[in-house]
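Right, one structure below, let's go through it.
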Amino acid sequence: MATASFNMQSVFAGGLTTRKINTNNLFFAGNFPNLKRNFPVGVRCMVEGEPMKDESTPSTSAAQPLPKSSSPPPPPPPTKPKVSTKFSDLLAFSGPAPERINGRLAMVGFVAALAVELSKGENVFAQISDGGVSWFLGTTAILTLASLVPLFQGITAESKSKGFMTSNAELWNGRFAMLGLVALAFTEFVKGGTLI
């Protein structure tokens with residue numbers, strides 16, 4: 001048994017060289033008299049992440065050093081793209097400003113519309129015709145300037161986002177406020193009066 005183990009180790013350790021196995025020393029040699037054959041054995045090791053090379057002819061060097069088994073180096077941290085401070089980039093359709101500014105305006109508008117409806121009993125359309133346009137324009141100018149100043153300095157909402165009040169939460173609250181303001185106006189139009 002020890003001889004068979006030694007022969008197998010020498011076949012694998014020898015790389016792609018051809019060796020003759022002495023079957024007289026094997027315990028099953030009497031059962032297989034035609035076992036004296038030469039078998040080339042090759043082992044290919046590939047490191048994860050390297051492209052696979054197609055070798056048509058195998059290497060015949062018997063003593064190639066094996067790579068040390070160490071963990072691969074960690075990937076470099078992703079680099080943050082530089083934030084553009086151009087006016088056209090900030091207010092582009094997919095830029096950082098439009099949806100955020102519209103969401104902030106919708107949040108203020110939805111809360112203000114409900115507050116005035118509860119206090120005075122006026123629907124959204126009555127609020128707009130009763131001096132609401134000037135309030136809307138003033139609020140729009142202030143919130144737009146307040147939202148654009150940090151963006152012109154290269155500061156994004158994502159960089160200041162921590163804890164419970166994240167930039168994604170603000171976007172979703174703005175989206176819901178936009179839907180809520182439109183739903184409030186549509187419901188009051190269909191109903192013909194105030195919601196509450």
(request) Output all residues satisfying side chain to side chain donor-acceptor pair (under 3.5 Å) with E170, sequence neighbours left out; order by chain, then residue number. (result) R100, R104
(request) Indicate yes or no: at least one non-hydrogen side-chain atom of L184 is less than 4.5 angstrom from one of L114. (result) yes
(request) Could you tell me the separation between the CD1 atom of I142 and the OG atom of S147, rounded to the nearest 0.5 Å? (result) 11.5 Å
(message) Determine whether a donor-acceptor pair (N or O, by modelled atom type, separation under 3.5 Å) exists between the side chain of K162 and the backbone of M165.
(response) no
(request) Identify whether L105 and L148 are in the same connected component of the hydrophobic contact network (ILVMFWY, side-chain heavy atoms under 4.5 Å). (result) yes
(message) Around atom NZ of K86, are there more than 12 heavy atoms from other residues, nucleotides or ligands closer than 6.0 Å?
(response) no
(message) Return the NZ to CZ distance between K191 and F186, rounded to the nearest 0.5 Å.
(response) 14.0 Å
(request) Evaluate the side-chain contact (heavy atoms from CB on, under 4.5 Å) criterion for residues M178 and M107: first the C-alpha distance (whole Å), next the side-chain angles of each, then the deciding distance (0.1 Å), finally the verdict. (result) CA-CA 7 Å; M178 287 184 251; M107 287 186 268; over 6 Å; no
(request) Would you confirm whether D130, through its side chain, and A126, through its main-chain N or O, come within 3.5 Å as a donor-acceptor pair? (result) no
(message) Grouping I, L, V, M, F, W and Y whenever their side-chain heavy atoms are under 4.5 Å apart, do F136 and F110 come out in a common cluster?
(response) yes
(message) Does F87 form a side-chain contact (heavy atoms from CB on, under 4.5 Å) with F152? I'd like the steps, not just the answer.
(response) CA-CA 8 Å; F87 186 76; F152 281 128; 3.4 Å; yes
(message) List the residues meeting side chain to side chain donor-acceptor pair (under 3.5 Å) with D89, not counting sequence neighbours, and say none if there are none.
(response) S84
(request) For A106 and G174, work out which heavy atoms get closest and say how close. (result) CB-O, 4.1 Å
(request) Please report the closest heavy-atom contact between A183 and T187, naming both atoms and the distance. (result) O-OG1, 2.7 Å
(message) Is there a path of hydrophobic side-chain contacts, each under 4.5 Å between heavy atoms, that joins L137 and I128?
(response) yes
(request) Output the distance between atom CG (L171) and atom CG (N102), rounded to the nearest 0.5 Å. (result) 11.0 Å
(request) Sort out for me which residue in T156, T166, N168 forms a side-chain contact (heavy atoms from CB on, under 4.5 Å) with S161. (result) T166
(request) Please say whether more than 12 non-hydrogen atoms of neighbouring residues, nucleotides or ligands are located less than 6.0 Å from CZ in F125. (result) yes
(message) With a 3.5 Å distance limit and no angle check, can you tell me whether Q127 reaches the backbone of A113 through a side-chain donor-acceptor pair?
(response) yes
(message) Using modelled atom types and a 3.5 Å cut-off, is there a donor and acceptor pairing between side-chain atoms of E188 and backbone atoms of V124?
(response) yes
(message) Can you tell me how far apart CG (L151) and CD1 (I101) are? Round to the nearest 0.5 Å.
(response) 7.0 Å
(request) Mind checking the OG-CG spacing from S129 to N123? Nearest 0.5 Å is all I need. (result) 8.0 Å
